[in-house]
Amino acid sequence: MSNLKKDLETLHQELVAGDIKAADLVEESLDTIEKRDPELNAFITVNDQQALADAVTLDEKGISDADKLAGIPIAYKDNIVTKNLLTTAGSKILSNFQPVYDATVVEKLSQAGMINLGKTNMDEFAMGSSTESSYFQPTHNPWDLDRVPGGSSGGSAAAVAAGEVLAALGSDTGGSIRQPSAYNGIFGIKPTYGRVSRWGLIAFGSSFDQIGVMTKRVKDSAYILSAMAGHDIKDSTSSKQAVPDFTQFIGQDIKGLRVAVPDEFFGEGIDEEVKVQVEKGLKVLTDLGAVIDHVQLPYTRYGVPAYYVLASSEASSNLQRFDGIRYGYRAEDVKNLEDVYVKSRSEGFGPEVKRRIMLGTFALSAGYYDAYFNKAAKVRTLIKQDFERVLADHDLIIGPTSPDTAFKIGTIVSDPLKLYYKDVLTISANMAGVPSASVPAGFDSQGLPVGMQLIAKRFDEGTIFKAAAAFEAATKYYEVEPSFKGGVR
Amino acid sequence: MISKNDVEHVANLARLSLSQDEVDKFTTQLDQIISMEDELSQVETEGVKPTTHITDEINVFREDVPVDDGITRDDLLSNVPETKDGLIKVPSIIDKGETDA
């Protein structure tokens with residue numbers, strides 16, 4: 001059995017015992033990347049030499065039992081800045097950007113001894129649900145190479161599913177961790193807004209963005225989230241709430257767990273096979289002692305329009321900084337300063353990013369602010385209240401993660417509206433700031449993974465870990481390997 | 001209904017220049033997207049307060065002292081496309097031709 005298919009705890013014990021070395025894991029990781037990435041394109045940058053050097057240093061120092069994460073290969077989504085390592089956010093405008101500092105999450109996990117194997121592909125500036133808007137070409141889904149891995153953290157999800165790394169970080173603004181996790185048959189969690197520092201995350205929608213973890217096994221994410229969460233003086237929106245050791249929730253039984261199942265999550269537009277798999281999943285939870293209750297979240301359908309107004313408005317403001325002056329791409333052949341801004345932006349941004357900037361600028365412009373931005377912000381309040389009401393007497397809200405399974409590359413890239421509705425089930429958690437995860441829930445008739453979404457109260461990731469781990473133990477979907485079928489050989 | 005003029009106006013506000021093809025495409029697409037967003041008008045929001053952030057923190061203060069995070073001026077200039085004497089170099093604000101005259 002290859003090492004990267006083992007769980008984190010097993011690897012840790014073998015590292016401590018000296019049965020394997022951190023350098024062996026890095027080499028195995030690099031070999032898998034070399035073998036798989038030509039067809040997957042999950043990585044934008046592979047950190048090969050530094051990763052090996054870091055592993056060798058670690059092996060010389062030795063790994064003690066307390067260093068749970070030491071020597072474990074991880075990859076970072078390419079909107080998370082890494083010192084002296086190319087960080088592009090999937091965009092031409094940052095295609096030459098070498099950050100001069102590490103994001104807080106990278107700093108924390110590096111201190112814990114995790115080895116950075118490189119930077120993963122993503123939709124440009126995390127805007128998309130398929131990783132097709134990347135300047136660096138789409139990522140392919142390991143379960144069917146002709147299909148998208150979802151997005152925007154599609155590179156991270158494919159890299160984990162394909163066994164290139166044990167874990168990867170993603171960012172989630174409207175579903176960008178959970179939907180690709182669902183499409184790739186892995187676990188992925190978007191923590192509570194404020195749980196993890198956003199320092200060093202290239203901003204998209206600052207009141208929605210949150211960094212999270214993606215792994216095959218639930219407990220592995222619990223280890224990593226415990227290490228990277230917590231207050232950070234550099235992010236004034238990060239929370240001072242104490243961070244529990246999330247691994248303590250793994251293995252607890254879920255007898256009496258109160259689960260709310262929203263009717264809206266099983267309504268029109270949700271694929272029948274997805275519904276069937278998630279209903280089977282709910283039955284598994286019931287058998288384990290959970291109590292299911294059917295509820296309504298009537299504002300769910302307004303989540304998509306409200307989100308695209310608000311997140312695009314925040315994006316149009318956040319992306320003003322890309323002007324070709326201090327870093328990134330600068331257009332040549334300009335006549336004056338204004339020209340530098342306009343040409344650098346027009347040549348540096350791709351179509352989806354321009355569309356969102358335009359949308360946000362429109363929603364914030366004179367005469368439209370009240371009808372769009374302010375209205376959407378009020379609808380956000382109603383969505384948040386929907387969640388607070390249901391979660392007041394339930395422990396979890398559960399439904400599908402995505403309305404469908406992975407679709408074919410190129411089929412809807414030219415239809416932004418259709419693509420936007422892929423996020424209908426994930427957006428609300430970002431609107432309300434609550435934690436939410438996708439856990440593998442089996443496969444459709446074409447062998448494509450289905451994800452089940454678990455949403456909890458703010459700062460109650462523990463309940464998500466508890467239920468996801470109990471579900472994983474009962475179903476063991478992680479044992480099924482991706483087929484790497486299809487694609488051009 | 002979004003017009004080509006609206007699209008060109010918004011592009012100008014966002015410091016983007018669009019080709020005629022892009023203007024055509026964006027006019028159709030933005031019109032579709034904004035029609036979808038018009039669904040928000042169906043929601044009764046009388047008396048509802050807008051939510052623009054979801055953090056519990058209200059005001060976060062820090063001491064007004066310089067931050068020493070080890071990043072040097074040279075580090076910060078390392079990504080600048082064009083520098084001169086340790087400064088960021090940009091083209092002239094008015095057109096080159098006019099300054100030369």
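Chain naming here is simple, since letters A, B, ... match the order of the sequence lines and numbering starts at 1 in each.
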Task: Side chain, backbone, both or neither of B/Val67 within contact of chain A (heavy atoms, under 4.5 Å) - done: neither
TODO: Taking the side chain as every heavy atom from C-beta outward, state whether B/Arg15 and A/Asp323 have any atom pair closer than 4.5 Å.
DONE: no
TODO: Counting only heavy atoms closer than 4.5 Å, note whether B/Val10 contacts chain A via side chain, backbone, both or neither.
DONE: both
Task: chain B contact via A/Asn430 - which portion, at a heavy-atom distance below 4.5 Å - done: backbone
Open item on the list: How long is the straight-line distance from OG1 of A/Thr361 back to CG of B/Asn12, given to the nearest 0.5 Å?
Closed with: 10.5 Å
TODO: Select one option (side chain, backbone, both, neither) describing which atoms of B/Gln32 are under 4.5 Å from chain A's heavy atoms.
DONE: both
TODO: Identify which part of A/Ser313 has an atom lying under 4.5 Å from any heavy atom of chain B, answering side chain, backbone, both or neither.
DONE: neither
Task: Pairwise side-chain contact, A/Arg380 with B/Ile54, heavy-atom cut-off 4.5 Å (strictly under) - done: yes
Task: Contacting moiety of A/Thr237, where chain B heavy atoms sit under 4.5 Å - done: both
TODO: Select one option (side chain, backbone, both, neither) describing which atoms of A/Tyr299 are under 4.5 Å from chain B's heavy atoms.
DONE: side chain
- [ ] Give, as side chain, backbone, both or neither, the part of A/Phe322 having an atom under 4.5 angstrom from any heavy atom of chain B.
- [x] neither
Open item on the list: What part of B/Thr72 gets within 4.5 angstrom of chain A, counting heavy atoms only: side chain, backbone, both, or neither?
Closed with: neither
Open item on the list: Quick check on B/Glu46 against chain A: is it the side chain, the backbone, both or neither that has a heavy atom closer than 4.5 Å?
Closed with: neither
Open item on the list: What I want to find out is whether B/Glu37 reaches A/Lys375 closely enough, with some N-O distance under 4.0 Å, to be called a salt bridge.
Closed with: no
Open item on the list: Would you say that B/Lys49 contacts A/Lys378 through its side chain, given a criterion of any heavy-atom pair below 4.5 Å between the two side chains?
Closed with: no
- [ ] Tell me, for B/Leu18 versus chain A, whether the close heavy atoms (under 4.5 Å) come from the side chain, the backbone, both or neither.
- [x] side chain
Task: Pairwise distance CD(B/Gln29) to CD(A/Glu352) - rounded to 0.5 angstrom - done: 8.0 Å
TODO: Report yes if some heavy atom in the side chain of A/Phe362 is under 4.5 Å from a heavy atom in the side chain of B/Leu30; otherwise report no.
DONE: no
- [ ] Select one option (side chain, backbone, both, neither) describing which atoms of A/Val309 are under 4.5 Å from chain B's heavy atoms.
- [x] both
Task: Structural part of B/Ile71 lying under 4.5 Å from a heavy atom of chain A - done: side chain
- [ ] Please flag which part of A/Ser317 lies under 4.5 Å from any non-hydrogen atom of chain B: side chain, backbone, both or neither.
- [x] neither
Open item on the list: Report which part of B/Thr45 has an atom under 4.5 Å of a heavy atom belonging to chain A: side chain, backbone, both, or neither.
Closed with: both
Task: Within-4.5 Å side-chain heavy-atom neighbours: B/Asp75 and A/Tyr101 - done: no
- [ ] Measure A/Tyr420 against the heavy atoms of chain B and call it side chain, backbone, both or neither at under 4.5 Å.
- [x] side chain
Task: Residue A/Ala363 versus chain B: region with a heavy atom under 4.5 Å - done: neither
Open item on the list: Heavy-atom cut-off 4.5 Å, strictly under: side chain, backbone, both or neither for A/Tyr307 against chain B?
Closed with: neither
Open item on the list: For the CD1 atom of B/Ile33 and the CG atom of A/Leu359, what is their distance to the nearest 0.5 Å?
Closed with: 5.5 Å
TODO: Look up atom CG in B/Leu16 and atom CD in A/Glu347, then write down how far apart they are to the nearest 0.5 Å.
DONE: 11.5 Å
Task: Heavy-atom contact with chain B under 4.5 Å, split by part of A/Asn96 - done: backbone
Task: Residue B/Ile88 versus chain A: region with a heavy atom under 4.5 Å - done: side chain
